Number of protein chains: 2
Amino acid sequence: MGLARQRSGTNAFAMDVLCARILERHRDSVRVQKPHLAVPNLTRIIGATLTLSNKHGFHATTLRQLAEASGLSMGGLYTYFDSKPTLLSMILGEVAETVAEVLNQPPADVKQDARKHLHWIIATHVRMSEAMQPWFVFCFMEAKSFPPAERQRAIDMEVMTEKIIAGVLKQGVASGVFAIDQVTLTASLIKPLLQDWYVKRAKYRRRGTSIETYINAVSTFADAAVAGRTRPSRVATGSRTKSRQTAHP
Amino acid sequence: MGLARQRSGTNAFAMDVLCARILERHRDSVRVQKPHLAVPNLTRIIGATLTLSNKHGFHATTLRQLAEASGLSMGGLYTYFDSKPTLLSMILGEVAETVAEVLNQPPADVKQDARKHLHWIIATHVRMSEAMQPWFVFCFMEAKSFPPAERQRAIDMEVMTEKIIAGVLKQGVASGVFAIDQVTLTASLIKPLLQDWYVKRAKYRRRGTSIETYINAVSTFADAAVAGRTRPSRVATGSRTKSRQTAHP
DNA sequence: TTTCTTAGTGAGCGCTCGCTCGTTTTTCCG
DNA sequence: CGGAAAAACGAGCGAGCGCTCACTAAGAAA
């Protein structure tokens, strides 16, 4: 909702926008009331948490490091969360909410055409994970050390994305555009192709692989796998929809 | 070398075989000399390390838990390694060595045919990761918290596998069997398909997806992506080579 | 100005960590 | 056997963890 109203031209995935959403959701547990103080502080806390955790792991990140990196004191941190696990669940919750919100609202014109829809999901997911890379890496790498409730939420998030893909594949098979005999398995093989972009981001950066090149390659790869009748020879490069998630550069 | 001499019928990827190889490599730092004591003890230590680390993370696994789970005392553990990071590098080193050894020695008949070779790599990698699942998961999930030297080794391992795939793709393009314009990028998209089997093993187990089904699906997927002229309609199910890594059930 | 509220501080608490070392138990061979 | 060498033990160490709380600074209300 906060996300849907986002003006185009503003980055809906910017740190401070996401952190403002976190604040809204945790308004009664965060003890700082004034947004003009709370938003920048929480932004620095979350930013430091993502940076440090993605380097050494969340468990290995100490609150003293976090205090130093975010410019607050030990006690100051505890006016923004009541325990270290809470901090973790703030991040996970925001990612889960955002992913669900974005992927479940494809533009109307895209829904009609299974192949278009598949390409939209690929492009949207890759671009979203690019804009929120530290967040995605955090969820992926730390999921196993989450407390049970958060862990289940991470699994649900994974399952949801796969179900969305599977749904599109099924639609494509029904309308005769795709020819797949194991829809679920195919969907679960497309998923890791989306994840590779953020899990191994450093490798692609080193090689100079652009996000458009990557989206194009995955789309071509997926097209070949779903083996439709009308097989396009190439996916248009840089084809962006008008939707908000492409607002960032 | 220890691996190459393995008799067929014996599981070359069994815990105790791998741990015996670790002992050999660390003979001068392990203080227990007698193999009939050292092998079973180290096997229990490594086993407990993998189990506990894959559940909570290596960093969160304490030496007291490890002592309890392996049936040794705190002090007893330290006759097998001199520090916690050493224990980590024992595991990583063994995986790196084994992967390199196995994937770099394809059967002679397979080397000639690029498509066969690609299928062999897929089947071999998936079967190896199945037999050594906890080891592979450990390396994948803990890589970011390795000390720099070990971390580089993990990256090298990743790069090596990808290079092997890329090499086969290049060969296939040269011999006209494959038609790909971005060999490296295609290779780096095949890699996560191999990893998904062990990273998300629980999901596939829950769904009852057999290893043969998975190998077959990935092979078909890859075949479609490399878009050769002579396109086989289906990969033979359960086609095993005579090589040692298929000895386990 | 004075008072009251909110945001932020940091030394210190209880606890557990990785690791050590003097001691005890087990093994093995003459 | 007996006894020395090898292996295993586990209480204890200093360090550093997550977290607390008596406190101060600063802005708003009176």
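Note that the structure is a prediction, hence the values are computed from the model and not measured. Sequence lines set the chain letters: A, B, ... in the order given, protein chains first and strands last, and positions in each chain run from 1.
Here C:dC19 is the nucleotide among C:dG8, D:dC17, C:dC19 with the atom lying nearest to any side-chain atom of B:Tyr78. Taking only side-chain atoms of B:Met74, from C-beta outward, the nucleotide of D:dG18, C:dG8, C:dG18 with the closest atom is C:dG18. Between C:dC28, D:dG18, C:dG8, one nucleotide has an atom nearer to the side chain of A:Val32 than all others, and that is C:dG8.
Residue contacts shown for B:His36 are limited to sugar-phosphate atoms, with no base heavy atom under 4.0 Å away.
Rounded to whole angstrom, the span from the CD atom of B:Gln33 across to the C1' atom of C:dC28 amounts to 15 Å. Computed from coordinates, the A:Lys84 NZ to D:dC19 C1' distance equals 12 Å when rounded to whole Å. The distance from atom CG of A:Leu66 to atom P of D:dC17 is 12 Å, rounded to the nearest whole Å. B:Leu77 has its CG atom 17 Å from the P atom of C:dC21, to the nearest Å. Atom CD1 of B:Ile45 is separated from atom P of C:dG18 by 15 Å (rounded to the nearest Å). When rounded to the nearest whole Å, the span between CZ of A:Arg31 and P of C:dT5 equals 16 Å. Rounded to whole Å, the distance from CZ on B:Phe81 to C1' on C:dT20 is 13 Å. A straight line from NE2 of B:His59 to C1' of D:dG18 spans 13 Å, rounded to a whole angstrom.
At least one donor-acceptor pair closer than 3.5 Å links the side chain of A:Lys84 to the backbone N or O of A:Phe58.
For the pair B:Glu68 and B:Arg44, the salt-bridge criterion is not met [side-chain N within less than 4.0 Å of a carboxylate O]. The existence of a salt bridge linking B:Glu158 and B:Lys163 is excluded, since no basic side-chain nitrogen approaches an acidic carboxylate oxygen closer than 4.0 Å.
The shortest distance between the side-chain N/O atoms of A:Asn41 and the OP1/OP2 oxygens of C:dG8 is below 4.0 Å. The phosphate of C:dT9 has OP1 or OP2 within less than 4.0 Å of a side-chain N or O from A:Ser73. The side chain of B:Tyr80 places an N or O atom within less than 4.0 Å of a non-bridging phosphate oxygen (OP1 or OP2) of D:dA8.
Looking at A:Arg64, its side chain comes within 3.5 Å of the base of D:dG18 through a donor and an acceptor atom.
The aromatic rings of B:Trp197 and B:Tyr214 sit tilted relative to each other, their planes meeting at an angle between 30° and 60°.
Side-chain atoms of A:Thr213 and A:Ser210 include a donor-acceptor pair closer than 3.5 Å.
Place B:Lys34 and B:Phe58 on DNA chain C by their nearest nucleotides, and B:Phe58 ends up nearer the 5' end. Comparing B:Leu63 and B:Gly75 along DNA chain C, the residue whose closest nucleotide (by nearest heavy atom) sits nearer the 5' end is B:Leu63.
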